[in-house]
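In what follows, every chain begins at residue 1, and chains take the letters A, B, ... in the order their sequences are listed. Computed from a predicted model, the values in this text were never measured in an experiment.
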Amino acid sequence: MAGEQLALTVLMGVFLVGVATLVSRMENLRAYTPLVSGDAGYGDSTATSHKPSGLIRWLTTVDHKDIGILYGIYATIAFVWGGLAVMLMRVELTTPALNVLGGTGTYNGLLTSHGITMLFLFGTPIIAAFSNYFIPLLIGADDMAFPRINGIAFWLLPPAALLIWAGFFLDPLTGGAVGAAETSWTMYTPLSAEQANPGVDLMLLGLHLSGISATMGAINFIVTIFTERSPDVNWANLDIFSWTILTQSALILFAFPLLGSALIMLLLDRNFQTAFFAVDGGSPILWQHLFWFFGHPEVYILVLPPMGLVSWILPKFSGRKLFGYKFVIYSTLAIGVLSFGVWAHHMFSSGIDPRIRASFMAVSLAIAIPSAVKTFNWIATMWNGNIRLTAPMLFCIGFVANFVIGGITGVFLAAIPVNLVLHDTYYVVGHFHWIVMGMIAFAGFGAIYYWFPIVTGKMYQKRLAKMHFWISEIGVAVTFFAMLLLGYLGMPRRYATYEFNGLIAPLAQVTTLHQVATIGAFIIMLGQLIWVWNLTQSYLEGPVVEDEDPWNLKETGQYSREFEWFGEQLDTTDEDTPTLAADGSGEPSDD
Amino acid sequence: MAREERETETSAAAKVSSWPLFVALGLAVGEVGVVMAIYPLAIGGLVLFAGSIAGILTEAGYTERPWRTLTALSGVFVALGLIVVVTQTGTSVGAIESALASTDTIVLRGFSIVGAGIVALAASIAGGSVTDAGPAA
Ligand code: HEM
Ligand SMILES: [Cu+2]
């Protein structure tokens, strides 16, 4: 042990010296300044500023657009990891017995990894990808208010992912001494406090880092939106996406530090012999309160910006302005406030005081109202509009449709008597997947297609994009309807096997529905393969977009700032087109 | 506010910085080191973290030179580390001294934070007196 630590110390010393050398060399980068500082326009300063080339550019960038791209790539990698994990689980669930995975522990590990990865390493970062790239463009800012903090926030995420996934890598290396965490994403105590596995500590640390990252990002967005707007952007004409990011950032600011503290308390319980969540200490229910006080706002942290994206994109292809712009904003703010008053709807069956339950039920039902306001606004926007079914629009419409099912199942769950029956069944899993997959991921896809020309300078293949939509929508419907039905039959969630007594649930139907859900999952996977292929292929070989208005927005008077910026880029540059690949080092582009 | 302006000015000039990556890395490594009781990682990570914070603040123009920030952070580490140690030993000096020989991991983790503070302090003194005083500066 002492020897190991000594060796590590030496390694660490060498590493630090290496870092110091590297950084002192990179100080030269500061020589990269704009050649000409043109008039204040956004495009001028970036088009002429030179960046280092290759990998170093991506490691040292503090440019909001580059960081946005980094977030996007990161989120995609996480999406693949989380997706593969769940595919293994779905395959296991095609039969009641355990016959694919090594053991139920493996299933639990995959389950935990899937949930945490999708929420914290895919959901939050994919939103940050759009907000970093586009908020400064939409509000006419030069960059984020704190570009370096922006860089730190991103770079906290790769170590976070490595730590969260560490158990899987270390399991074979340590002969099983360190394994994947099996706590589920809710990390309920006493289970999470008592599992000795150090993989849990690593996962908690990773989660903690991702929380710090989100908080830093939120502060940055709040300051940016408040102080960096161009003079002609005011609160009355601030775009709807920026409004949702502002609200989301406020939610993050109140919710994530709390998660961070709760995680530290859990780490202390595990490693420093405190008793915050011990049965004869602060009590395990304390964890549930702290976790869900963060956890419910977290679901709105994840869904508000996608709602903003849809509110932004949907009117563009309806040929009409967003119906009730003000009310969409009010409902966003209302949801933001109310989301802190509903957390105990996740704890209805935990034995808390019935009077507390009733009040949480009332607030939870109330939150459905602003949600419905939004839905009606989207529908009213499309009503009598001149609808163009492009891929981004298809995803927006799918988003609204999926929200109807996801939202209404949530309202049912918020009713205490219904909840007591359906809690901890697949119904809950169905409910939130209609939302997280059917809305958050869909809005992400729609926005990626919508802005693909700006980010890459290329156009995607439209047929493949539409196939991506239809296959995904069918897959979502098949998979998650099956889950709602499984819940009605009483199938509990978070189980690797279901060889239970036929008196508990009709085993034959449960098996069939599980198989249906697995088929649906494969359909979804097929859709995503098409997506990845389309984006990669189009980025490399797609037709170059020369039109500053690829979506014909001028016709309906909806041409907006980010495309204006794109137009400027097309005009001002001869060699450096604003593409993902152009590293600004002056290499001639080969298109 | 003058500070904010300075930050935006620098960033418009150079859209690159080598520090954010290392701030993040230092924090991550340090956290893992302290919680998992891997002392070299704890010390190295925290030192890297403190150094990068000092560096990034200097680069952004919030401070003239990095050394005072580094000194301040080293003070914070020493204090934090001692608090951790004291939770296990009590506040008497004798107890803390004898705890140096302890094998209790909590005590050792506390000392590793103190250690990071001492290394950072040494670096700041060396930086302030050698680098800045030398002809190269
Ligand atoms: C219309 C508003 C909504 C209502 C009234 C609602 C209600 C509920 C209730 C009562 C539960 C607890 C079910 C149980 O465990 O017994 C629940 C679970 C959940 N909801 Fe919603 N929900 C709504 C919208 C959303 C949204 C927008 C999201 C995501 C962005 C979401 C994500 C989740 C998640 C992830 C869970 C499961 C948490 C777990 O792992 O236990 N819900 N919802
Ligand atoms: Cu909730």
> So what's closer than 4.5 Å to chain A heavy atoms on B:Ile43: side chain, backbone, both or neither?
Replying inline: neither

> Applying a criterion of heavy atom separation less than 4.5 Å, what residues of residues 159-170 of chain A form contacts with chain B?
Replying inline: A:Pro159, A:Leu163

>> Return the CD1 to OG distance between A:Ile152 and B:Ser17, rounded to the nearest 0.5 Å.
In response: 8.0 Å

>> Please classify the contact of A:Phe154 with chain B as side chain, backbone, both or neither, using a heavy-atom distance under 4.5 Å.
In response: neither

> Between atom CG of B:Leu21 and atom OG1 of A:Thr61, what is the distance when rounded to the nearest 0.5 Å?
Replying inline: 12.0 Å

> Is chain B contacted by the side chain of A:Leu156, its backbone, both, or neither, given a heavy-atom distance below 4.5 Å?
Replying inline: both

> With chain A, which of B:Gly55, B:Ala28, B:Pro40 has the greatest number of heavy-atom pairs at distances under 4.5 Å?
Replying inline: B:Pro40

> Under 4.5 Å between any side-chain heavy atoms of A:Val62 and B:Val16, yes or no?
Replying inline: no

> When you look at CZ of A:Arg229, are more than 12 heavy atoms from neighbouring residues, nucleotides or ligands closer to it than 6.0 Å?
Replying inline: yes

> Which pair of heavy atoms, one from B:Pro20 and one from A:Arg148, lies closest together, and at what distance?
Replying inline: CG-O, 3.7 Å

>> Just verifying a value: how many Å separate A:His208 NE2 and B:Leu27 CG, rounded to the nearest 0.5 Å?
In response: 8.0 Å

> B:Met36 versus A:Asn271: any side-chain heavy-atom pair under 4.5 Å?
Replying inline: no

> So which residues of residues 209-217 of chain A are in contact with chain B at a heavy-atom cut-off of under 4.5 Å?
Replying inline: A:Leu209, A:Ile212

>> Could you go through A:Phe15 and B:Leu25, starting from their C-alpha distance and side-chain angles, then the distance that decides it, and tell me whether this counts as side chain to side chain contact (heavy atoms under 4.5 Å, CB included)?
In response: CA-CA 12 Å; A:Phe15 172 69; B:Leu25 205 61; 3.7 Å; yes

> Taking only residues at least two apart or on different chains, which pairs with a member in residues 195-214 of chain A satisfy salt bridge (Lys or Arg N to Asp or Glu O under 4.0 Å)?
Replying inline: A:Asp201-A:Arg270

> With a 4.5 angstrom heavy-atom cut-off, which part of A:Leu267 approaches chain B: side chain, backbone, both or neither?
Replying inline: side chain

>> Please find the pair of heavy atoms, one from A:Leu205 and one from B:Val32, that lie closest to each other, and give the distance.
In response: CD1-CA, 3.7 Å

Donor-acceptor pairs under 3.5 angstrom involving side-chain atoms of residues 70-77 of chain B: please list them, not counting sequence neighbours.
unit_1	atom_1	unit_2	atom_2	d
B:Thr71	OG1	B:Trp67	O	2.8
B:Thr71	OG1	B:Ser124	OG	3.2
B:Ser74	OG	B:Leu70	O	3.3
B:Ser74	OG	B:Thr71	O	2.5

>> Taking side chain as everything from C-beta outward and backbone as N, CA, C, O, which of these in B:Val119 sits under 4.5 Å from a heavy atom of chain A? Side chain, backbone, both or neither.
In response: neither

